[in-house]
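For reference, the structure is listed below as C-alpha cells.
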Protein chains: 2
Amino acid sequence: MTFEEKLRSLFTLGNQKYLEHLSIDCIIFGFHDNELKVLLVKPRYADEWALPGGFVIKNEPIEDAAARVLKERTGLEDIYLQQFHTFGNPDRSTKKLNTLFLKNTGIKLNASWMFDRFVSIGYYALVEYTKATPQPDIFSDKCEWFRVSTIPKLILDHNQILKKALSHLQLQLNYYPIGYNLLPEKFTMPEIQKLYETILNRKLDRRNFQRKINGTGILKRLNETKQGVAHKAPYLYIFDLAKYRKALQSGLGFDL
Amino acid sequence: MTFEEKLRSLFTLGNQKYLEHLSIDCIIFGFHDNELKVLLVKPRYADEWALPGGFVIKNEPIEDAAARVLKERTGLEDIYLQQFHTFGNPDRSTKKLNTLFLKNTGIKLNASWMFDRFVSIGYYALVEYTKATPQPDIFSDKCEWFRVSTIPKLILDHNQILKKALSHLQLQLNYYPIGYNLLPEKFTMPEIQKLYETILNRKLDRRNFQRKINGTGILKRLNETKQGVAHKAPYLYIFDLAKYRKALQSGLGFDL
DNA sequence: CCAAAAGTGTTTAAAATACACCCATGC
DNA sequence: GCATGGGTGTATTTTAAACACTTTTGG
C-alpha cells in the first residue's frame, strides 16, 4: 500500500477497525541533561505540535491502546503507563487539521469519522530518554523531545492535557516510586535527586532526600562509583525491582 | 410515545443522538444513619444491580453528561462531580442484559449500537441523602440506596468501579473538602466526623479531628445547638462557602 | 592547592497522636 | 442521679526541615 492509499483507507475505513469518537493521548516523559522532556509530534502542514496519540482498536483494552501508541512512537515496551484523565469537550475535533492535511496530500473526501469530535483518554509514561527512538506517526513529519519548561502552543487542548499530566505526576511522586524506565540502569544519588527536583520544579535538600529515598528500600547501592567525572565520584545505585514493583502497588507514603 | 416506542427508538436510533461506544457511570454517594450509601439501579429482568449510567450526547461535554445522569437519578443539580477513571476493557458490553431485556419487552432486534462494547467514564458525586429522590431509568424498575458496606454483586465490572471510586474518594479526602452537598445545611461536629470516619472506614480522635477541620477554616460555628437530642447538645456548624470553594480549587493539605 | 561536588549526623521545629476531665441533657 | 455523648487542652511521639564539615578528584 502506498502512503496515500494507507491514508485514504484510514480516513474512510478506519472506523471499521477503531472505536469512533475515542482516542488516546500519551504524554511521554523523558529525563535528559537534568531536564524533564516530553515527546511531541509535528502533524504535517500544521503550525503547532501535538501530543502523540492513537485510536482504540475495537476489541482492544484501552491500556493496550496506550501501550501501542507508546511503542509506535518510541519502540519501547513494558513501560508503566498511568491513566490520569479523560478529556471530552465537544470542540475536541481535528477536522480543520485533517481537512488541511487531506488538501495538501491531494485526497478528496467529503466526510470521515476522523472529522468528528473525539473524547480522549490521557496516559502518561516515564521512559529512558536514551532508549527511545522517536518515530513520527502517519500524520506527522517529525517526532522530537521538548523541554517541559519550554513547550510551544500545541493543538487543541494539548497544553492543558500536558499540564494536567504533570500535576498528576507531581502528586503521584509522593505515593509511588518513579525512576525505573526513566533513569539508566545504574545511576547516582544526585541524578535521581535531580529527577525529583525537575519533576517537582524545586530544590530538595540532599541529605533529607537521601534519607527518605533510602528509607523506601527501593534502591540498592553498588560497590562502584561513577567513573570519568570531575570531583568526588558518586556511588552508583540500581533499583531493587522486587521492592520497586511492590511499592508501585501498595504505595510508599513519603512526602518531598 | 409509549414506553415500548421509546425503547425501540433508543435501541435503533440512539446512536444518532449519542456517541457510540461511550458511556458514563456515576457513583452517587449519600450519607445517612451514620453510614455511607451509594445509589444503585436495578435493570429490569436482570439478577444484579448496577451503577446509574448514561450516554454522552454528540455535542455535549462529558462533565455535562455526568451531571445529567446525576440529575435524572436524583433530581439534584449543581453538585460537584469528580471524574476518577475511565474503564475500557473490551468485554464491557451489556449485550446479554440488553438481549434479555428486549426479549422480555417483546421487542425484536438483530442489531443495535447498544450491543457493542462500551468505554465508560467514571464520576462520583457526594449528595445529601434526604434531598435526593431516587428515580429509575428507562431500563430499570428500581433505584435505591445501598450501604457501601454491603453491596451485592453488580453487573459487569461495576463492583470494581465502585471500589476504585471509594479509594479515590478516600485519597481525595486529604486534599479537598467534602461534606457540602452531603450533609444537611446545619450539622454538628460529631456528624461531620462520622462522615469522615465512614468514608475512611476507621475511627478518628474527636479532639484531633476537630482541631484539624477547624484549622482549614471551611467551617463556621453557629451560636446554636442541636435541639431534641439526648445528652449534651452539640453546636451547629455551617460551611463557609467562599473558603470551601477556594479549598476545592487549591486543596487544603491535611491528613486524617 | 584549590574549586567543586559527594558523603555523612545532629539539632530544631512542626505535625500527628495519645490521652482525661468537666459539662449538659434525657431518662 | 447517672449514663451518655459533647466540649475542651496538654504532653508525647513522630516526622520533616534546617544545617556544616570532611572527603575526593580534576585542573
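Lettering of chains follows the sequences in order, A, B, ..., and the numbering in each one begins at 1.
Residue Asp91(A) places its CG atom among more than 12 non-hydrogen atoms of other residues, nucleotides or ligands, all under 6.0 Å distant.
Using a 4.5 Å heavy-atom threshold, the side chains of Thr198(B) and Val148(B) count as separate.
Between the side chain of Asn208(A) and the base of dA18(D) there is at least one donor-acceptor pair of N/O atoms closer than 3.5 Å. One cannot find a donor-acceptor pair under 3.5 Å joining the base of dT8(C) and the side-chain atoms of Arg211(A). For Arg207(A) against dT11(C), a side-chain-to-base donor-acceptor contact under 3.5 Å is absent.
Computed from coordinates, the Gln210(A) CD to dA16(D) C1' distance equals 17 Å when rounded to whole Å. When the C1' atom of dG7(C) is taken as reference, atom CG of Leu222(A) falls 16 Å away, rounded to whole Å. Straight-line distance from the CG atom of Asp205(B) to the C1' atom of dG6(D): 13 Å, rounded to whole Å. One interatomic measurement links the two molecules: CZ of Phe209(B) to C1' of dG7(D), which rounds to 15 Å at whole-angstrom precision. With rounding to whole Å, Lys203(B) atom NZ is found 16 Å from dT17(C) atom P. Atom CD of Glu224(B) is separated from atom P of dG6(D) by 18 Å (rounded to the nearest Å). Here dA15(C) presents its P atom at 17 Å from CD1 of Ile213(B), a figure rounded to the nearest Å. His231(B) places its NE2 atom 12 Å from the P atom of dA3(D), with the value rounded to the nearest Å.
Along DNA chain D, the nucleotide nearest Glu191(B) and the nucleotide nearest Gly228(A) are compared for position; the residue whose nucleotide lies closer to the 5' end is Glu191(B).
Separation of the Phe209(A) and Tyr196(A) ring centroids falls under the 6.0 Å cut-off.
Between Lys232(A) and dA3(C) there is no side-chain polar atom (N or O) within less than 4.0 angstrom of OP1 or OP2. Lys212(B) has no side-chain polar atom (N or O) that falls below the 4.0 Å cut-off from OP1 or OP2 of dA15(C).
As judged by a 4.0 angstrom heavy-atom cut-off over every strand, Arg221(B) is placed among residues touching the sugar-phosphate backbone only.
Classification of Lys42(B) and Glu144(B) as a salt-bridged pair fails, no side-chain N sitting under 4.0 Å from a carboxylate O.
Across Asn181(A), Ile199(A), Leu126(A), Leu182(A), a single residue satisfies side-chain contact (heavy atoms from CB on, under 4.5 Å) together with Phe31(A), and that is Leu182(A).
In this structure, the nucleotide among dC19(D), dA20(C), dT8(C) sitting nearest to the side chain of Arg206(A) is dT8(C).
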